[in-house]
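Inspection log for the structure reproduced underneath, given as structure tokens.
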Amino acid sequence: MTYIPHTDADREAMLKAIGVESLDDLFDAVPTGQRFPRLDLPAPLSEPEAAWEVGGLAASNVAAQDYAIFLGAGVYNHFIPSVINHILLRGEFYTAYTPYQPEMSQGTLQAIYEYQSMMCALTGMEAANASHYDGATSLAEAVTMARAHFRGKRSKVILCPGVHPQYRAVARTYHQGSGMQFVGDKGNATIPDLIDMLDDSTAMLVVSYPNFFGQIDDIGGLATAVHNAGALLCLVVDPIALGLFKSPGELGADVVVGEGQPLGIPMSYGGPYLGFFATRKKYARQIAGRIIGETVDKHGRRAYVMTLRPREQDIRREKATSNICTNQGLMALAACVYLSVMGKHGLRRVAELCYHKAHYAAEQINALEDYSVDTSKPFFKEFVVTCPRPVSAINEHLLEHWGIIGGYGLSQDYPQRENQMLVAVTEMNTRDEIDTLVEALRNPDAHAGHAH
Amino acid sequence: MTDEQTTQSNATLPPLEPLIYDLGAPGRKGVNLPDSDVPEARLPEHLVRTGLDLPEVSEMDVVRHFVRLSQFNYSIDTGFYPLGSCTMKYNPKLNEDMARLPGFALAHPLQDTTTVQGALALMYTLQAWLAEISGMAGVSLQPAAGAHGEFAGILMIRAYHIANGEPNRTRIIVPDSAHGTNPATTAMTGLDVVEITSDNNGDVDLDRLREVCDETVAGMMITVPNTLGVFEGHINEIVDIVHGCGGLMYMDGANMNAMLGIAKPGELGFDVMHYNLHKTFSTPHGGGGPGSGPVAANEKLLPFLPGPVATIEEEGDGDIPPLYGLSMPEQSIGRLKAFYGNFGMLVRAFTYIMLHGGPGLKAVTQHAVLNANYIRARLKDSYTMPFERICGHEFVCEGHWTDAEGVHALDVSKRLMDYGFHPPTNYFPLIVPEALLIEPTETESKEACDAFIEAMLTIAKEAKDNPDLLHEAPHKTPVGRVDEVRAAKELVLCCRPIPAVEK
């Protein structure tokens, strides 16, 4: 009972004040037949025992601290400056609740306001919310916004096949009862093919920038086509890529969503991450989730507060824009600290390092006899390699004999892409690691002898 | 409108803390990055952006800025936080260390499952423990928050009826005392909300329930103990009535801190429920997330769980551990987010349950309920209690008095800040006038409860003797009451100018 401070004397005094005899008397309202069931759980452990047990589970995983990793597909091993964790571990931040009481929450509120401002700057948008659960749910909420915007009169959403497969799956899960229809992503549709699908029932067209294969599609004229059809353009973006490439605002996007994990958040086996969401100011009132706004206090001092509250579930109930009442507050703080410490120059540098290293790796792999890299479009930090063997077999070899976590096998989601590996290279991959990967691919039977 | 989205001109006093953008100087850097160790590739100039409007600050600028900001926050680590329905219990430090172990923090979610057996073993075991605690058949850890878990549960109920050839079951019954997420969730799934009233005891009105139960009912969502802090007097009857018309029962698990080892929702007859790991199992609230909202289901709804879930692919044998994997339940409603849930939160909850075991969890609930009833008993002569009965882990009282005209629950809350306490939840549940929902949790000592009680008693006196003290509160916080109307009207959501190219 480590965290329960009560002494016997406390319990006795408190029960007396309440007017009952025992702790069990507090539960008389629970039906007797079902009261006090046995919980069949392991016996409690002390703190050091629990630390050993959990530590043992962690240690049994293969993870990026001991292995070179070329796996991405939406989650990346980027550099995380030490300062972030130190700020996140401030108890004043991580043990606070949602800032419903602004007088006691200016720290969280200003930090999230700064986060919103940075996401606007990065995406070229005018309004960002305080975050969603992850990139996939941000996309689902973008569809919800489009549905609300057109009041159900437009129900078609055109999805590019190059949008992350899991994001597309989540958007469909969210909207299985909402009446929205998803089209466009079942084959090999190109951007011009998607433009051909636009009509007066189209609510939104969704393209990934870069796409799931790491490439920058030519989307120069896309916004005009989408807007001519009266629809909204949503871009799913990698925030690190935006350190280098034109902003979605410049490309005419109406909504920008994406996964904020690359902004200083560990891979952590899939979460917690950060779904960012930014849009034009004219759509701000249709955004789901929390939004922080600037105002003043009664003395005339600048202050921040959760605003547009009447959209939210606790007030609007079944008419709310969403049921959301949690964001990923601490993860938004992580991204805010990351973008602050990286700053204007650092984020650009990280993006350039990714670009240079990915291009070096692609060139080396493309030079191998049995491998070819898709260089048909510009790419950022990921590229597609067609391999001579199934990706799973290659990855087993890489892990077993070379200490390398290989790329993502694309045939899991795209059956026509047999033997295609999506390779991710970030600023964390050294030239030595890249050269080792190339060597390992060149010699499928050789063993490096430096597997961990 | 002006391009500068700023109301700074409205502020007459200097800010508590400048914006990060107002710190630093052009050219200043906060981090050292390595030179490229590969030949630099040519950048595709026609695709490259020209400006990047981010701060230019040093690491120390960043540290001081955010540490100062942190000091404007109230938190569990700084004081008592009796926020009803939120379960603001102490967040053990061990949890933080465990979630940051490199074997967890640096594992990629798309690694081959054979390389992440530790993570999968943890997930599988946590699924089993949460199933045991709830008396359910199985659990999916995917939902990222309580509302996300609710969404999963109602989608499962919807999918179940469709699979059974009853797509006309489209109505979800929700009591008027419910969390706002319940009706909002129902609307998101495309189903219709039927709200029913509570009786004078704060219980579901059984006659009204019978009236609305017919062949169009998909199910009912209720919170146990309910949002008024009381165990429904006739939970068995409610379950029977809804099941009797072919509906399913959803339990909102927000109040599980009153249920551990006291009753299992599965044994009470619920078909599906969600947990809030960030309430009941001590994972931190993080200033508004990340949370974690696993959903638990009985045999009937098990095939519909969101996925993937952790499974055993090959049974273990003696010293050989089982081989864990991931799979989608047979008739799954699908993925609710990318990957498998907020894994870092799962590590924390797993650690917490491991430290407690069965008897420890029961003690958690016993003491949470003890603290709530103790405070209720000591306040009942000074605050109106709408329900005169033993409460669960929280209770509702009214923040107004006939002999203190113009004083509202909000004033009581703001005055509590002057005494160094976070206020209770205000104006929820909606059916109690001037509601103050108070939840102390088990981790607060008797002394902490006593100090809070003294402050509440003092405020009740001040409300009558010197109501201006309440109206003008808070006096001692970093900022005074803020102008929420102006925030919504002027809508300043970003401190940066819109880039020139956007004009």
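Order of the sequence lines fixes the chain letters, A, B, ..., with proteins taken first and strands second; residue numbering starts at 1 for each chain.
The aromatic rings of His148(B) and Tyr174(A) sit tilted, their planes meeting at an angle between 30° and 60°.
The most heavy-atom pairs under 4.5 Å with chain A, out of Leu94(B), Val57(B), Val193(B), come from Leu94(B). When each of Thr186(B), Val31(B), Val116(B) is checked for heavy-atom pairs under 4.5 Å with chain A, Val116(B) comes out on top. For the set Pro478(B), Gly286(B), Gly357(B), the count of heavy-atom pairs under 4.5 angstrom toward chain A peaks at Gly286(B). Per-residue heavy-atom pair counts under 4.5 Å with chain A were compared for Phe343(B), Phe231(B), Tyr90(B), and the maximum is reached by Phe343(B). Of the listed residues (Gly341(B), Pro102(B), Gly30(B), Gly289(B)), the one with the most heavy-atom contacts under 4.5 Å to chain A is Gly289(B).
Listed for the Asp53(B) side chain is no donor-acceptor partner under 3.5 Å among the backbone atoms of Ala121(A). Side-chain atoms of Gln116(A) do not come within 3.5 Å of backbone N or O of Cys494(B) as any donor-acceptor pair. For the pair Gln110(A) (side chain) and Glu17(B) (backbone), a donor-acceptor distance under 3.5 Å is present. Judged by distance alone, with hydrogens and angles left aside, the side-chain atoms of Thr108(A) form no donor-acceptor pair with the main-chain N or O of Gly287(B) at under 3.5 Å. His356(A) places a side-chain N or O within 3.5 Å of a backbone atom of Ala41(B) that can act as its donor or acceptor partner. Of the possible donor and acceptor atoms, none in the side chain of Gln106(A) sits under 3.5 Å from a partner among the backbone N and O of Val479(B).
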Could you go through the salt bridge (Lys or Arg N to Asp or Glu O under 4.0 Å) check for Arg349(A) and Glu40(B) one step at a time?
-> CA-CA 12 Å; Arg349(A) 190 64 196 146; Glu40(B) 301 209 346; 3.6 Å; yes
Determine, stepwise, if the pair Met104(A) / Phe72(B) fulfils side-chain contact (heavy atoms from CB on, under 4.5 Å).
-> CA-CA 7 Å; Met104(A) 297 184 120; Phe72(B) 304 146; over 6 Å; no
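Judged by distance alone, the side chains of Asp483(B) and Thr295(A) never bring a donor and an acceptor atom under 3.5 Å apart. A donor and an acceptor atom, one from each side chain of His422(B) and Gln101(A), are nowhere located under 3.5 Å apart. Between the side chains of Asn236(B) and Gln34(A), a donor-acceptor pair is found at a separation under 3.5 Å. Neither side chain, Glu444(B) nor His6(A), offers a donor N or O lying under 3.5 Å from an acceptor on the other.
Ser340(A) approaches Pro55(B) most closely through the heavy-atom pair CA-CG, 4.2 Å. The nearest pair of heavy atoms linking Asn73(B) to Glu92(A) is ND2-O, 3.0 Å. When all heavy atoms are compared, the tightest approach of Pro37(A) to Glu267(B) is CB-OE1, 3.9 Å. The two residues Leu57(A) and Ala121(B) have their closest heavy-atom pair at CD2-CB, 4.0 Å. Heavy-atom minimum distance, Ala338(B) versus Ala136(A): N-CB, 3.8 Å.
Only the side chain of Leu353(A) comes within less than 4.5 Å of a heavy atom of chain B; its backbone N, CA, C and O stay farther away. Only the side chain of Glu352(A) has a heavy atom closer than 4.5 Å to any heavy atom of chain B. Residue Leu15(A) touches chain B through both its backbone and its side chain, counting heavy-atom pairs closer than 4.5 Å.
Between Glu103(A) and Lys414(B) there is a salt bridge, with a side-chain nitrogen of the basic residue lying less than 4.0 Å from a carboxylate oxygen of the acidic one. Ionic pairing of Asp77(B) and Arg90(A) is not present here: no N-O contact between side-chain nitrogen and carboxylate oxygen is shorter than 4.0 angstrom. Ion pairing between Lys298(A) and Glu484(B) fails under the 4.0 Å rule for side-chain N and carboxylate O.
For the pair Lys89(B) and Tyr3(A), the cation-pi criterion (under 6.0 Å, within 45° of the ring axis) is not fulfilled.
Taking the six-membered ring for Trp, Tyr97(A) and Tyr81(B) have ring centres at least 6.0 Å apart.
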